[in-house]
Amino acid sequence: MQELRQFIAKEYCFKCQGCCRFAEQAGAWAPRLLEEEKSRVAPLRRSLLLLANPQGDGFLCQFFDTRGNKCKIYAIRPFECGLYPFLLNRRQGRVYLSVDVKCPFIKEKGRIGEYNGYVQYLNGYFKDPDILYTLKRNPQVIQSYEDALDIFELRL
């Protein structure tokens, strides 16, 4: 699968206190792996393992280093993690590229020009037949996100 260009600089991500933390162990926000990622990222599992947060409520990704606020596998992180704050969102039988408007980067630094340029990049990315085929084979990465803003519909 074609590598996805990152929208948010990792330096910003590593300062954030939002990602890699989840209210529910199996909710829509819990990352799911593409079939081709399973052997590389989390062998013998269908998804990433979320562990109870030892310092409070909720769950943490098994690869999240709380001391350094970093992803231990950032260089090979799953597709969904690299796509964020953009999401593959299922609504009423359709699939949309959406954005999590609660993402601090989108709120603070999501400059219109950069944002629009990246959305155009994603529009082209999701027209690639190989990408669309991968998504059709991996419906588990398409979830229903209620608090996300739909940007465009994907033709799966």
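No hydrogens, no waters, no symmetry mates; every other heavy atom, side chains included, goes into these values.
In this structure, Glu37 contributes its side chain and Leu34 its backbone to a donor-acceptor pair below 3.5 Å. Between the Tyr84 side chain and the Cys19 main chain, no donor and acceptor come within less than 3.5 Å of each other. Under the 3.5 Å distance criterion, the side-chain polar atoms of Arg21 are left unmatched by any main-chain donor or acceptor of Gly58. Of the possible donor and acceptor atoms, one in the side chain of Asn69 sits under 3.5 Å from a partner among the backbone N and O of Cys16. With hydrogens and angles ignored, the 3.5 Å screen pairs no side-chain donor or acceptor of Asn138 with any backbone N or O of Gln140.
Residues Leu60 and Thr66 are in side-chain contact: their nearest non-hydrogen atoms beyond the backbone lie under 4.5 Å apart. Side-chain contact between Glu80 and Leu88: absent, with no pair of heavy atoms (C-beta onward) separated by less than 4.5 Å. A heavy-atom distance below 4.5 Å is not found between the side chains of Val95 and Phe126. Side chains of Pro85 and Ile8 form a contact here, defined as non-hydrogen atoms less than 4.5 Å apart. No side-chain heavy atom of Lys70 sits less than 4.5 Å from a side-chain heavy atom of Lys10. Between Asp150 and Asn89, the closest side-chain pair of non-hydrogen atoms falls below 4.5 Å. Residues Cys81 and Ile73 form no side-chain contact, since every pair of their non-hydrogen atoms from C-beta on lies 4.5 Å or further apart. Side-chain atoms of Val101 and Asp147, non-hydrogen and from C-beta on, never get closer than 4.5 Å to each other.
The neighbour count for Arg94 CZ, taken as heavy atoms of other residues, nucleotides or ligands under 6.0 Å away, does not exceed 12. Residue-environment remark: CD (Gln2) exceeds the threshold of 12 foreign heavy atoms within 6.0 Å.
In the hydrophobic cluster analysis, where Ile, Leu, Val, Met, Phe, Trp and Tyr join through side-chain heavy atoms closer than 4.5 angstrom, Tyr12 is grouped together with Leu83. Both Leu156 and Leu4 are part of a single hydrophobic cluster, where members link through side-chain heavy atoms under 4.5 Å apart. Cluster membership check: Val141 shares its hydrophobic cluster with Leu132, using side-chain heavy-atom separations under 4.5 Å among Ile, Leu, Val, Met, Phe, Trp and Tyr. A single hydrophobic cluster is seen to contain both Ile106 and Phe152, as judged by linkage of ILVMFWY side chains at heavy-atom distances under 4.5 Å, directly or through other members.
A cation-pi arrangement is absent between Arg90 and Tyr96, since the terminal nitrogen or guanidinium carbon is not both under 6.0 Å from the aromatic centre and inside a 45° cone about the axis.
Rounding to the nearest 0.5 angstrom, the gap separating the CD1 atom in Ile142 from the CG atom in Leu154 is 7.5 Å. The distance from the NZ atom of Lys107 to the NZ atom of Lys102 is 8.0 Å, given to the nearest 0.5 Å. In this structure, Leu122 CG and Ile151 CD1 are separated by 7.5 Å, a value rounded to the nearest 0.5 Å. One distance of note links CG of Leu87 with OG of Ser144; it measures 11.5 Å at 0.5 Å rounding. Interatomic distance, Glu3 CD to Gln6 CD, rounded to the nearest 0.5 Å: 10.0 Å.
Between Tyr121 and Phe7, the gap from one ring centroid to the other reaches at least 6.0 Å.
Leu50 approaches Cys61 most closely through the heavy-atom pair CD2-CA, 3.6 Å. Among all heavy-atom pairs drawn from Ala148 and Arg91, the shortest one is O-NH2, 2.9 Å.
A donor and an acceptor atom, one from each side chain of Tyr145 and Asp100, are nowhere located under 3.5 Å apart.
Tested against Cys20, the residues Phe59, Phe64, Phe63 include a single side-chain contact (heavy atoms from CB on, under 4.5 Å) partner, Phe64. For the side-chain contact (heavy atoms from CB on, under 4.5 Å) with Phe79, the qualifying choice from Thr134, Leu135, Leu33, Ile131 is Leu135, the only one to do so.
The existence of a salt bridge linking Arg155 and Glu153 is confirmed by a sub-4.0 Å separation between a basic side-chain nitrogen and an acidic carboxylate oxygen.
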- [ ] Start with the C-alpha distance between Phe22 and Asn53, add both sets of side-chain angles, then the distance that settles side chain to side chain contact (heavy atoms under 4.5 Å, CB included), and finish with yes or no.
- [x] CA-CA 9 Å; Phe22 306 92; Asn53 184 351; over 6 Å; no
